[in-house]
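To start, the structure under review is shown below, and the notes come after it.
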Amino acid sequence: AVHFRRGDFEFDASLHMICGCDEGGPTYDILRECGIVDKVKLLKPRHLYRAIFPDFDIRVPQNNPQEYINILTKIFPSERKGIEKLFNEISKLYYETRSFLYSKPAVGIQMLYLPIKYPGLFLYANKPLGKMLDRFLQDNRLKTIIAQLCGYCGLSPNKLAFAYFSYPWHDYLYNGGHYPKGGSQAISNAFAEAIKENNGKIILNKEVEKITIKGGIAIGVMTKDKEEFFADTIISNIDANKTFFSLITEEYLPKAFTKRLNKMEPSISALQIYLGLNVDLKDKGILDYEIFYNPNYDFESQFRNFIEHDNM
């Protein structure tokens, strides 16, 4: 999360809104455990986002799924039952997934009881979002409207797992999204402050050349200038290919794992433009925090075009 300034303009490099920030939510608990929940002020915009389509202009409300259902059924009255069933199914899957992720038994042990204890998660784990939308809804425009946030997952509805899409979608819609006052850099600064308060040290501008492996376990990293750092836990925040094939290399990897990595396809890339305007958008009637503009209702063709363009 990086916040930077150019002249009189301030820009956020990546962060949009954060879910799970209400007291008792997973993000709130993480911030509290890290000692920074009181160091960051989280703001809640009136709407989650605005979605503009050829025929519709929709603002998705915060913490009010029923209002969103009402908005959708006003446009698609014959779809009310399907919309309600879909929302209920997503809610059940959300609570099952949360229970699975945060319960005390190890994940490996829970997997043995997955079909019995978490039937929804077992059923939908590998089902694509597109198939689930087809199951409950008829109008393709409505399916696209509900699937608006799939772009953040980097996959089209027919490739994106329903379970993967449902968890953050439910959390944002039902529990709301927050934005840190002062931009995403405020969170980074708070973490940095907490690390220093606990006698930690932050080292910047050090390119890592390799992850050190001993006895099949990652024990440290070596930088490009041959400095070594060791730790009990090593976290790589870059893509899987570079992590395993460049920083670790195949000699340390199981063949089945390497084969699986080689079969993976890269997702879409993103073009980000930081634009400073000489007008106040509020004076132009634009009060929305985040706006999606959709030229059509065909996310599948949009994603295909992204991939084809990336390969040109």
Margin query: Using the ring centroid of each side chain, check whether F4 and Y274 are separated by less than 6.0 Å.
Written below: yes
Check: Are R80 and E84 ion-paired here, with the side-chain N under 4.0 Å from a carboxylate O?
Finding: yes
Item checked: Electrostatic pair K39-E197, nearest N-O below 4.0 angstrom -> yes
Note to self: Please report whether the ring centroid of Y95 lies less than 6.0 Å from that of H170.
What the structure shows: yes
Next item on the list: Using atom types as modelled and distance alone, determine if a side-chain donor or acceptor of E79 lies under 3.5 Å from a backbone N or O of D139.
Entry: yes
Note to self: Hydrophobic clustering (ILVMFWY, side-chain heavy atoms < 4.5 Å, transitive) - are M17 and I30 grouped together?
What the structure shows: no
Next item on the list: Answer yes or no: does atom CG of N262 have more than 12 heavy-atom neighbours from other residues, nucleotides or ligands under 6.0 Å?
Entry: yes
Notebook entry, point to check: When the ring centroid of Y289 is compared with that of Y49, is the distance short of 6.0 Å?
Noted result: no
Check: Any chance the rings of W169 and F87 have centres within less than 6.0 Å?
Finding: yes
Check: Would one find more than 12 heavy atoms of other residues, nucleotides or ligands at under 6.0 Å from atom CD of E23?
Finding: no
Margin query: I need the minimum non-hydrogen distance between P26 and D171, along with the two atoms involved.
Written below: CG-OD2, 4.3 Å
Checklist line | Donor-acceptor under 3.5 Å (E228 side chain, M222 main chain) | finding: no
Note to self: Run the salt bridge (Lys or Arg N to Asp or Glu O under 4.0 Å) test on D134 and K131 for me, step by step, so that the C-alpha distance in whole Å, both residues' side-chain angles and the decisive distance to 0.1 Å come before the verdict.
What the structure shows: CA-CA 5 Å; D134 291 341; K131 294 292 183 185; 5.3 Å; no
Check: Taking everything shown except K85 itself, do over 12 heavy atoms lie less than 6.0 Å from its NZ?
Finding: no
Notebook entry, point to check: Is the count of non-hydrogen atoms from other residues, nucleotides or ligands lying under 6.0 Å from F292 atom CZ greater than 12?
Noted result: yes
Checklist line | Donor-acceptor contact present, side-chain T27 to main-chain C21, <3.5 Å | finding: no
Item checked: Side chain D288, main chain I291, donor-acceptor under 3.5 Å -> no
Check: Can you check whether Y124 and F165 have ring centres sitting under 6.0 Å from each other?
Finding: no
Next item on the list: Indicate the atoms forming the closest heavy-atom contact of I18 with P180, along with that distance.
Entry: CD1-CD, 4.3 Å
Check: Under 3.5 Å, side chain of D22 to main-chain N/O of G25, donor-acceptor pair present?
Finding: no
Check: Do V208 and F230 share a hydrophobic cluster, counting only Ile, Leu, Val, Met, Phe, Trp and Tyr and linking them when any side-chain heavy atoms are less than 4.5 Å apart?
Finding: no
Margin query: Closer than 4.0 angstrom, basic N to acidic O: yes or no for K224 and E209?
Written below: no
Next item on the list: Of all the heavy-atom pairs spanning S156 and E300, show the shortest one and how long it is.
Entry: OG-OE1, 2.8 Å
Item checked: Salt bridge present between K242 and D239 (N-O < 4.0 angstrom) -> no
Check: Salt bridge between D225 and K206, side-chain N to carboxylate O under 4.0 Å?
Finding: yes
Next item on the list: Run the salt-bridge test on R141 and D298 with the 4.0 Å N-O cut-off and return the result as yes or no.
Entry: no
Notebook entry, point to check: When hydrophobic residues are tied together by side-chain contacts of less than 4.5 Å, even through go-betweens, does F257 share a cluster with L247?
Noted result: yes
Check: When you measure from the side chain of T249 to the backbone N and O of F245, does any donor-acceptor pair fall under 3.5 Å?
Finding: no
Check: Quick one: do I195 and I36 end up in the same hydrophobic cluster if we chain Ile, Leu, Val, Met, Phe, Trp and Tyr together by side-chain heavy atoms under 4.5 Å apart?
Finding: no
Notebook entry, point to check: Can you pull the side-chain hydrogen bond (donor to acceptor under 3.5 Å, both in side chains) pairs that have at least one residue in residues 276-286, sequence neighbours excluded?
Noted result: none
Notebook entry, point to check: Any link between I211 and I219 through a network of hydrophobic side chains (Ile, Leu, Val, Met, Phe, Trp, Tyr) touching at under 4.5 Å?
Noted result: no
Margin query: Determine whether a donor-acceptor pair (N or O, by modelled atom type, separation under 3.5 Å) exists between the side chain of T73 and the backbone of N70.
Written below: yes
